Participant: 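Before I ask anything, here is the structure I am working with.
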Amino acid sequence: MEKLHIYDSLSSKLKPFVSIEKGKVGMYVCGPTVYNDVHLGNVRTFLSFDVIFRYLKYLGYKVRYVRNITDVGHLIDDIDEGEDKIAVKAKAENIEPMEVVQRYSIGFHDVMRAFNALPPSIEPTATGHLIEQIEIIKKLLISGWAYESNGSVYFDIFNYNKNNSYGELSGRDINDMLHGSRDLSGQSDKKSPLDFALWKKASSGHIMRWPSPWSNGFPGWHLECSAMSSKYLGDSFDIHGGGMDLKFPHHECEIAQNIGSSGKKGANNWIHTNMLTLNGKRMSKSTENTLLPRELLSGDSEHLTRPYTANTARFFIHQAHYRSILDFSDDALQSADKGYKRLISSRNLLEKRTKNGAKKGSFDVVKWHKSCESAMNNDFNSPQLIANLFEAAKVIQNDSKDSGILGQDGAILLAEKMDLWMHDILGLTNENVGDSNNYKTALKAAMEIVFETRKNAREKKDWTKSDSIREKLLDAGITIKDGADGSDFSIS
RNA sequence: GGUCUCGUGGCCGAGUGGCUAGGCAGAGCUCUGCAAAAGCUUGUACAGCGGUUCGAAUCCGCUCGAGACCUCCA
């Protein structure tokens, strides 16, 4: 595709992307509720948006990427007596709710850093935007979209539904929902079970509470995103994203709040990322069917036979499209790991091609690069991009025997473009040769000396010596590969 | 029960009304002191049954199966 197209889950259509303000993109993504460790399913979503963020920047957009942290208001369930997730954790561990928030916010950031995700432009918290949330409630009350009941404020779905369609994002009919919902008569302040809380009056034992015109209480979960997205991106912005599971009710409620307070729906494009499953079932904190990033990195899990790097996991995740369900398994990780390593070693082979042989080659790097762009323009199709990278790997491998394919110019350009796609867009780092450049250079120099010694031994047919060097290095995690044009190494 | 999505070769996973996805694994060959790596070649695929069409894995219908949401979750 020539131009970027994005699948909009509100209209269920692939739409050409046109930003509201030329050259700028406003993107809001629902972040984590920091009451627990993030698991790999959460990570998948944020990595999907990380690639989207990176690609939009690559296209030249100035992107304002807002990803919130939910630190209040997310209740265990939707009945009136539901408790705040963070408060429950605080009570269980006998600490302040804000200690819970602090601990898991730091944990979340550590994980994001480990997976090489770029930080968002703004990372606002719900508790930091109570005034904005209260202002929205005031507006909704004045215009009649909300009502107060015993110190709590609820959004009036029936009133809203007269001129709007609550449920259009998730494809639901209000009557069906009513039919299937629990009967709350007599035990709720709500007029209808479909109504959702904008402000909740705190019960006597509730720790997290703030003053408001209606009661000492706390905001409803859905409100923060409306408040923060409109504050930082305006009433209409380009992209709103989140996991599929947030479609209903969270994003549905957000749309209702947005229309109620500003007349606008919020985002022009809704992007929903699909679930990461484990054993065919969705990863979920509540059912404990999860795999934590630290378990992946240490290999300490019943689901794994060995540890995997963050890079391998990233590669695995981006090998599937963000809108597809992806099933996590040790086998799948293992094959991703092998493929990824092969890609890296092919890329590293290019260094040799940039200095020797013909100047020009027959392979059209520019055309190849266009096809990578085309893949990403088609709703951020990272699996197709990766397939392209493997095409390039094949070309590089062939070229090491026939230097007329790439040529020096082609090799230099291809190296640049491969780095662009692998590092800048997919966020993969070249862990194979160490993290710092100093380390990389030093190791390479040391290996040259080892190769020299070994070459001498091999020329004298001293196989005992050359093999023992190779075996000892293998024990240390360094694999030697002897080729026609010299030796090379990789780190496992 | 309601709403929706999906069902691709041994496994993972793109795509699409007629043109090789790709990765991993398997087989054969080449290279090679051995090894590793790499290259080349190679295979049974689009759940089943009908329909639309010159042509469908791709569109429509039905059946079977799986999953998600409908209560908190990215």
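These numbers come from a predicted model, not from an experiment. Convention: sequence-line order gives letters A, B, ...; per-chain numbering from 1.
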Participant: Quantified in whole Å, what is the C1' atom distance between nucleotide B:G61 and nucleotide B:U52?
Facilitator: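 One C1' to the other, the span is 11 Å.
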Participant: Look through every strand shown and name the nucleotide pairing with B:C40 as Watson-Crick or G-U wobble, where both distances are under 3.5 Å.
Facilitator: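 Partner of B:C40: B:G28.
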Participant: Do the side-chain N or O atoms of A:Asn398 get closer than 4.0 angstrom to the phosphate oxygens (OP1, OP2) of B:A38?
Facilitator: no
Participant: Write down the distance separating the P atoms in B:A66 and B:U8, rounded off to the nearest Å.
Facilitator: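 The answer is 14 Å between these two P atoms.
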Participant: Taking atom C1' in both B:A25 and B:G10, what distance in whole Å separates the two?
Facilitator: 7 Å
Participant: With A:Phe315, which residues qualify under ring-ring contact (aromatic ring centres under 6.0 Å, His included), at least two apart?
Facilitator: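 Only A:Tyr340 meet the ring-ring contact (aromatic ring centres under 6.0 Å, His included) criterion with A:Phe315.
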Participant: Under 5.5 Å centre to centre and under 30° between planes: does that hold for A:Trp463 and the six-membered base ring of B:G33?
Facilitator: yes
Participant: What is the minimum heavy-atom distance between A:Phe46 and A:Cys30, and which atoms define it?
Facilitator: CE2-O, 3.4 Å
Participant: Verify the contact: side-chain N or O of A:Arg323 to OP1 or OP2 of B:U5, cut-off strictly under 4.0 Å; return yes or no.
Facilitator: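 So the side-chain polar atoms of A:Arg323 never come under 4.0 Å of the phosphate oxygens OP1 or OP2 of B:U5.
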Participant: Does a nitrogen or oxygen in the side chain of A:Arg458 sit under 4.0 Å from OP1 or OP2 of B:A35?
Facilitator: no
Participant: Under 4.0 Å between a Lys/Arg side-chain N and an Asp/Glu carboxylate O for A:Arg347 and A:Asp419?
Facilitator: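 Salt bridge: yes.
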Participant: Given side chain to side chain donor-acceptor pair (under 3.5 Å), test A:Thr429 with A:Asn116 step by step and report yes or no.
Facilitator: CA-CA 8 Å; A:Thr429 58; A:Asn116 196 32; 5.3 Å; no
Participant: Does B:G67 have a Watson-Crick or wobble partner in any strand here, with both distances under 3.5 angstrom, and which is it?
Facilitator: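 The base-pairing partner of B:G67, which may sit in any strand shown, is B:C4.
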Participant: Could you identify the nucleotide paired to B:G9, looking across every strand shown and requiring Watson-Crick or G-U wobble geometry with both distances under 3.5 Å?
Facilitator: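 With both distances under 3.5 Å required, B:G9 matches none.
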